[in-house]
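What you are looking at is a predicted structure, and each value in this text was computed from that prediction instead of being measured.
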Amino acid sequence: MTLTALETPAPPVPPPTPSWPSRARRAWQKMSPYAYIAPFFTLFAAFGLFPLIYTAFVSLYRVELQTPGDMEWRGLDNYTVLFTDEFFWISLRNTFTIGVISTVPQLVMALGLAHLLNYRLRARTFLRTAMLLPYATSVAAATLVFAQLFGRDFGLINYVAGLVGFGPVDWQTGTVASQIAVSTIVVWRWTGYNALIYLAGMQSIPQELYEAAEMDGASKWRQFFHVTLPGLRPTIVFTVIVSTIGATQLFGEPLLFEGSVSGGISHQYQTLGLYMYEQGWGFFHLGRAAAIAWVMFLLIVVLVGVNALLAYRRSRKEAVR
């Protein structure tokens with residue numbers, strides 16, 4: 001045998017062809033993350049994205065509830081009619097005022113309750129569980145009970161006010177009184193829920209910060225304002241955004257307070273949600289109701305964007321300091 005023949009390299013051996021099970025296993029490893037998240041996106045597309053797009057489509061047509069198949073193109077006329085309707089602006093103003101007088105006291109009270117529950121109290125677990133009872137109560141049951149409490153002739157609120165020398169208040173007719181009554185229901189239902197969110201945020205604040213503040217001679221109030229509140233800023237922003245969205249969509253409480261879709265005899269507490277329901281299922285104008293729904297959606301986007309922008313600017317100022 002010659003030397004040249006010995007030095008000739010052997011031909012490369014082709015890699016073994018992977019079997020079908022191994023190919024399937026590799027394909028599943030690549031596709032499994034998408035398969036795991038597919039149910040969420042499927043449900044979101046079916047029950048979130050499609051209704052949103054279809055509502056925008058319907059808002060450009062004249063559609064009546066009796067004949068939903070007969071659609072007449074109107075373009076932006078539904079929005080034009082909407083912005084020239086005085087009851088739309090009344091409901092928008094009511095939504096804003098009820099949202100303010102329900103959200104601000106609600107979050108302040110929730111912050112105070114969370115601060116108390118953060119201490120080592122007796123029956124702490126029971127008190128924390130009790131905070132969720134109003135939230136777990138049906139909105140219909142809670143509103144009907146409060147409607148009786150705020151009754152003009154036989155309500156408990158007017159009875160107690162009469163004991164201290166105040167005259168009876170017509171909680172369902174007066175503009176300010178009815179809005180306060182509706183806001184009270186919202187405050188009662190959601191204060192405990194937000195208190196538990198604040199409590200979870202407080203427990204995530206490092207205990208070393210409180211110990212350092214105590215060593216510096218800071219009182220409990222100073223610790224609250226200079227340690228607790230700065231540590232809760234992201235949580236407070238979250239609750240403000242969620243409460244803003246809830247206030248814009250307020251529907252059940254004003255509807256069941258008196259049982260009228262008009263929000264009282266003079267629309268004194270009709271919110272945007274009630275106004276949309278009145279147009280769609282009271283007057284049968286589905287196209288106009290769809291336009292109101294999209295106005296509410298855009299209003300929520302603007303309000304959430306403003307809250308996020310203010311929080312971002314505040315955090316940047318704190319970072320510069």
Engineer: Transitively linked via ILVMFWY side-chain contacts under 4.5 Å: Ile180 with Phe146?
Structural biologist: yes
Engineer: Apply ring pair (Phe, Tyr, Trp, His ring centres under 6.0 Å) to Tyr36 and Phe40, showing your working.
Structural biologist: CA-CA 8 Å; Tyr36 292 143; Phe40 166 77; over 10 Å; no
Engineer: Side-chain heavy atoms nearer than 4.5 Å, only ILVMFWY residues, links allowed to pass through others: does that put Tyr275 and Phe284 together?
Structural biologist: yes
Engineer: Has the side chain of Thr173 got a donor or acceptor atom that lies under 3.5 Å from a matching backbone atom of Asp170?
Structural biologist: no
Engineer: Are a donor atom and an acceptor atom from the side chains of Tyr210 and Thr228 found within less than 3.5 Å of each other?
Structural biologist: yes
Engineer: Is there side-chain contact between Trp89 and Leu92, with heavy atoms separated by less than 4.5 Å?
Structural biologist: yes
Engineer: For side-chain hydrogen bond (donor to acceptor under 3.5 Å, both in side chains), just list the numbers for Glu278 and Gln270, CA-CA rounded to whole Å, side-chain angles, deciding distance to a tenth of an Å, and then say yes or no.
Structural biologist: CA-CA 10 Å; Glu278 182 185 42; Gln270 185 183 46; 2.9 Å; yes
Engineer: Please check if the side chain of Thr239 supplies one atom and the backbone of Ile236 the other of a donor-acceptor pair under 3.5 Å.
Structural biologist: yes
Engineer: Is the distance between the ring centroids of Phe88 and Phe83 under 6.0 Å?
Structural biologist: yes
Engineer: Does the plane of the ring in Trp281 sit parallel, tilted or perpendicular to the ring in Tyr277? Use 30° and 60° as the thresholds.
Structural biologist: parallel
Engineer: Assign the ring pair His115 / Tyr119 to parallel, tilted or perpendicular, where the plane angle (0 to 90°) is split at 30° and 60°.
Structural biologist: perpendicular
Engineer: Could you list the residues that satisfy salt bridge (charged side-chain N to carboxylate O under 4.0 Å, His left out) with Glu64, not counting sequence neighbours?
Structural biologist: Arg62
Engineer: Going from CD on Gln179 to OG1 on Thr95, what distance comes out if it is rounded to the nearest 0.5 angstrom?
Structural biologist: 9.5 Å
Engineer: With distance as the sole test, does Gln268 use its side chain to make a donor-acceptor pair with the main-chain N or O of Gln172 at under 3.5 Å?
Structural biologist: yes
Engineer: Quickly, which of Phe150, Trp171, Phe257, Phe251 forms a ring pair (Phe, Tyr, Trp, His ring centres under 6.0 Å) with Tyr269? Name it, please.
Structural biologist: Phe257
Engineer: Are there over 12 heavy-atom neighbours, none belonging to Met109, within less than 6.0 Å of that residue's CE?
Structural biologist: no
Engineer: If only atom types and distance count, is the side chain of Glu72 paired as donor or acceptor with the main-chain N or O of Val63 below 3.5 Å?
Structural biologist: no
Engineer: Determine the interplanar angle of the Trp221 and Phe225 rings, folded into 0 to 90°, and report it as parallel if under 30°, tilted if 30 to 60°, perpendicular if over 60°.
Structural biologist: parallel
Engineer: Would a distance-only check, ignoring hydrogens and angles, find a side-chain to backbone donor-acceptor pair under 3.5 Å from Asp216 to Ala218?
Structural biologist: no
